[in-house]
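Take a look at the structure set out below.
Lettering follows sequence order; numbering is per chain, from 1.
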Protein chains: 2
Amino acid sequence: MRIGEAAEKAGLGATAIRFYEKEGVLPAPGRTASGYRDYTDADVSVLRFVRRARSLEIPLDDIREIVDLRTRGQAPCDVVRSVIAREAATIDARIEELQMLREELAQLSEVADKAVETLQGGDCVCHIIDVETAASR
Amino acid sequence: MRIGEAAEKAGLGATAIRFYEKEGVLPAPGRTASGYRDYTDADVSVLRFVRRARSLEIPLDDIREIVDLRTRGQAPCDVVRSVIAREAATIDARIEELQMLREELAQLSEVADKAVETLQGGDCVCHIIDVETAASR
DNA sequence: GTTGACCTTCGAGTTGCTCTAGGGTTTACG
DNA sequence: CGTAAACCCTAGAGCAACTCGAAGGTCAAC
């Protein structure tokens, strides 16, 4: 199949696939007589893996390593496992951070509502920002 | 004060501050006789605002807009409020997404553990990846 | 037989910075 | 007074992970 179909099956953009190939993350696929990239179902499953891995925010360098091991028929399990562990920790930290930010935003919009109520537009120059900088202490 | 002190007070790097200035996010500060940037406490509070806004992942374009309104003495409240609302929604979505990913990772590392147990290294070529691609359906 | 959808490559642009090179300045110490 | 460390300056390159545009080749249908 050509790149468009492979892209759709994998849930990626065609340009992203070309980019991954250029970056050495993906092996070069076959080509048709006219020079079009020609993907097999096996290729698509690799594409899909890359998409999944990227959606987990695993860096391309790590993905390249895993894909490389895979295509050379070696066991990427240990690599995958350590990457999984690392990513899990990263994601936990990220979630925690975002929850804190979310809470601050909620407070902020409360303050913003009050500021608007009490100040009625006119002289509201930067109260929200001031409160925000105060909150950042 | 010079850029290093301002940077420390605001919780930013000096290079980031220069970058913000170059990008027009921050107004150019005063200069000493020898050409060093010279920041006031008011400047630092703007820096701090930018840092806070960036930690909320608000894009520099939006921050520039808000800072711009502020320095022109206009009320950025409505802008700030709409940005806050938008960012809150973004963060909620992001948290949800990350929690899903986190769950998948947990499953994945379970599978990886089992795969290692049952397969003992040798022919473990890509079971984790296969499971992962299967899970991505 | 030509329109339109698809494919090709290459290079540049995006965002938000950091880093390097190659300088000048300020401060403190001996 | 000299000098070494720590600070500052600019300009430009580089980073991740892509996307977009230009300029063109190809394939299917009507």
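- Scanning all heavy atoms of the two residues, the minimum distance from A:F19 to A:L60 falls at CE2-CD1, 3.6 Å.
- Atom CG of A:D61 and atom P of D:dA16 are 6 Å apart (whole Å).
- Distances shorter than 4.0 Å separate some side-chain N or O of B:Y20 from OP1 or OP2 on C:dC17.
- When each of B:E5 and B:K22 is assigned the nucleotide of DNA chain D bearing its nearest heavy atom, the one mapping closer to the 5' terminus is B:E5.
- Hydrophobic clustering, with ILVMFWY side chains joined whenever heavy atoms are under 4.5 angstrom apart, keeps A:Y36 apart from A:L26.
- The local environment of CD in A:E23 is crowded, with over 12 non-hydrogen atoms from other residues, nucleotides or ligands closer than 6.0 Å.
- The interatomic distance linking B:Y39 (OH) with D:dC8 (C1') rounds to 11 Å, in whole Å.
- Rounded to an integer number of Å, the gap from CG of B:D38 to C1' of D:dC9 is 15 Å.
- What separates CG of B:L47 from P of C:dG16 is a distance of 17 Å, to the nearest Å.
- Between the P atom of D:dC18 and the CD1 atom of A:I17 lies a distance of 12 Å, rounded to the nearest Å.
- Closest approach to the A:R31 side chain among C:dT8, D:dT10, D:dT19 is made by C:dT8 (side chain taken as heavy atoms from C-beta onward).
- Heavy atoms of A:R18 sit under 4.0 angstrom from at least one base atom.
- Protein atom CD1 of A:I3 is 13 Å distant from nucleotide atom P of C:dC6, rounded to whole Å.
- The phosphate of C:dT8 has OP1 or OP2 within less than 4.0 Å of a side-chain N or O from A:R37.
- Judged by closest nucleotide on DNA chain D, B:R2 is the one of B:R2 and A:T32 placed further toward the 5' end.
- Comparing C:dT8, C:dT26, D:dC18 against the side chain of A:R54 picks out D:dC18 as the nearest.
- Contact annotation: A:S34 does not reach the phosphate of D:dT26 (side-chain N/O to OP1 or OP2, under 4.0 Å).
- To the nearest 0.5 Å, atoms CG (A:D38) and CZ (A:R2) are separated by 9.5 Å.
- B:E21 has its CD atom 15 Å from the P atom of C:dT18, to the nearest Å.
- Rounded to whole angstrom, the span from the CZ atom of B:F19 across to the P atom of D:dC9 amounts to 17 Å.
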